[in-house]
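Just below is one structure, and these are the notes that go with it.
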Amino acid sequence: MKILLVGGAGREHAIALALKRSSKEPRISCFADLVNPGINKVVKETGGEFFLGSINDHGAIIRAAQKVGADFVFIGPEEPNFHGVPDRIEESGIKCIGAGRKVAELEMSKASMRDLQWKYKIPGRLWYKKFKTYEEALPYIQEYAESVALKPARQSGGKGVKVIEDFQVYLQEDKRKVKKEHAEMIVKEHMKDYDDIDYKLLIEERVWGPEYTVQCFTDGRTVVPMPAVQDNKHAFDGDLGLETGGMGSISCGMNLKWGVDDDRAIITEEECRRSADIVKLMIDAIQKDTGQRYHGIAAGQMMLTSVWGPTVIEMYSRLGDPEAGNVMTALKTDLVEICEGIIEERLNTVKVEFEDMAVAVKAVCPEGYPDKRDLAKGHPVALEGAGEGVLWASAEETGGVVRTGGSRVVECVGTGDALPEASAKAEELTKSVRLTDGWRTFHRKDIGSEKSLLRRVQLGSMARDIYKYRERKGLLGKRMIWVPGKGLVEVG
Ligand code: GLY
């Protein structure tokens with residue numbers, strides 16, 4: 001069995017380790033734009049090859065797959081999906097785990113994702129407005145006085161999303177100014193390099209509640225959910241600071257329990273099932289609209305809101321990062337067997353199981369991340385100790401030296417019977433990482449801690465009380481939105 005893995009981040013290191021555990025003893029090769037030391041180790045141990053190049057260059061990836069005689073290619077990140085790499089690989093006669101270009105639209109364009117959700121009346125849909133230019137959005141922002149989320153309409157690595165609360169009437173002019181400035185920045189800065197999409201800016205109603213990611217394997221017929229994971233986006237403890245690609249993540253059982261024998265949970269099992277149902281409905285809808293079969297991973301980045309209960313914030317066409325560290329660690333079933341089930345469209349015949357365990361992932365970042373990545377880049381890294389449980393992320397190995405790539409350098413994975421225990425183990429692992437030129441690192445200590453869990457369980461409970469009340473009254477998802485030019489409109 002030979003596999004070519006595409007991508008070189010922490011997520012792909014987690015996937016490589018899960019593939020390596022397979023009883024089929026696969027020879028794992030990797031194609032990435034830098035040599036991730038962790039993946040390189042797996043490649044060497046299993047007798048594979050490492051290829052360097054652009055992960056969007058389908059020609060080079062196909063040549064690499066042919067060279068190693070790959071039975072299938074596993075695409076880790078989203079950009080190759082957006083560039084149609086899985087489609088070209090399949091056309092060349094090689095099997096591929098990865099969302100094709102048309103179905104990956106679910107992630108690539110938040111505007112298309114919302115259009116689809118409203119077209120098929122899929123639960124958990126937020127009110128939104130999409131714009132091609134800043135100028136088009138301007139009159140709307142001028143008139144609209146509500147709390148909103150401003151988002152780049154294209155997936156751009158989680159950058160640029162801003163929630164602006166607009167409750168105080170006396171601050172409305174100032175809030176309008178902030179909204180205008182941020183909308184302009186989204187279109188003119190964050191979206192400037194993307195000419196592969198029509199709509200650039202999304203304005204969405206603001207909602208609140210605990211967030212979580214439900215990642216699913218799918219062969220287009222069967223959708224198999226993995227344990228729900230909560231990513232911690234903000235840079236600093238207490239959910240403060242800028243949003244990042246994810247500073248760490250927690251999971252326990254299927255529904256984010258406190259511990260294996262402690263049923264306090266951020267979401268209920270029913271909410272977990274409903275979330276997976278929503279992901280399935282999204283997959284069905286995109287397949288129906290495009291005629292393309294979905295082979296790979298689809299994930300709902302969800303929020304438990306007071307309006308809907310499980311609500312879609314965005315979709316992923318791949319595993320999340322750092323969420324992959326959680327689910328790949330807990331995965332009990334042979335990942336190669338799951339991949340074969342997907343490829344042969346018989347995923348329903350594979351019994352996919354996860355360990356009932358708590359997993360906490362903590363990302364360690366060089367100072368400078370996330371907004372001054374140039375400062376965070378190029379520092380030599382040493383990993384002291386065995387490195388067991390440490391995923392290499394944004395790190396590059398050249399000439400035997402490992403240097404930081406400017407983002408999260410490693411992801412430390414702790415496990416246990418309860419999240420605080422897993423968090424403490426991950427915390428211990430963070431001590432093994434050192435930048436040898438003395439440049440400082442930072443990470444979040446609070447991920448999976450009792451205090452942070454308590455806050456999240458309480459937030460979930462507050463949102464649940466309200467959406468359950470609405471549900472009892474037949475009002476789930478129904479609300480009045482003030483739309484410029486139209487006045488108050490009932491949506492839902
Ligand atoms: N955890 C955020 C992402 O994977 O995009």
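Remember, it's 1-based here, ligands and their atoms both numbered in the order they're listed.
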- Under 30°, 30 to 60°, or over 60°: which ring-plane class applies to His190 and His182, parallel, tilted or perpendicular? tilted
Distance only, no hydrogens: is a donor on one side chain within 3.5 Å (strictly under) of an acceptor on the other, for [X] and [Y]?
| X | Y | answer |
| --- | --- | --- |
| Ser407 | Ser394 | no |
| Glu396 | Asn36 | no |
| Gln155 | Glu78 | no |

Numbering as shown, the atoms of ligand 1 that approach [X] to under 4.0 Å (heavy-atom distance):
| X | answer |
| --- | --- |
| Asp231 | 1 (N), 2 (C) |
| Gly320 | 4 (O) |
| Gly245 | 1 (N), 2 (C) |

Side chain or backbone of [X] under 4.0 Å from ligand 1, or both, or neither, by non-hydrogen atoms?
| X | answer |
| --- | --- |
| Arg318 | side chain |
| Lys233 | side chain |
| Arg11 | neither |

- Item | Heteroatom proximity flag, Gln155 to ligand 1, N/O under 3.5 Å | no
- For Lys129, salt bridge (charged side-chain N to carboxylate O under 4.0 Å, His left out) partners two or more places apart: none
Donor-acceptor contacts under 3.5 Å from residues 218-230 side chains, at least two apart:
from   : atom 1 : to     : atom 2 : distance (Å)
Thr218 : OG1    : Gly220 : N      : 2.9
Thr218 : OG1    : Thr222 : O      : 3.0
Asp219 : OD1    : Arg221 : N      : 2.9
Asp219 : OD1    : Thr222 : N      : 2.7
Asp219 : OD2    : Arg346 : N      : 3.4
Asp219 : OD2    : Leu347 : N      : 2.9
Arg221 : NE     : Glu345 : OE1    : 3.3
Arg221 : NH2    : Glu345 : OE1    : 3.2
Gln230 : OE1    : Arg456 : NE     : 2.7
Gln230 : NE2    : Glu211 : O      : 2.9

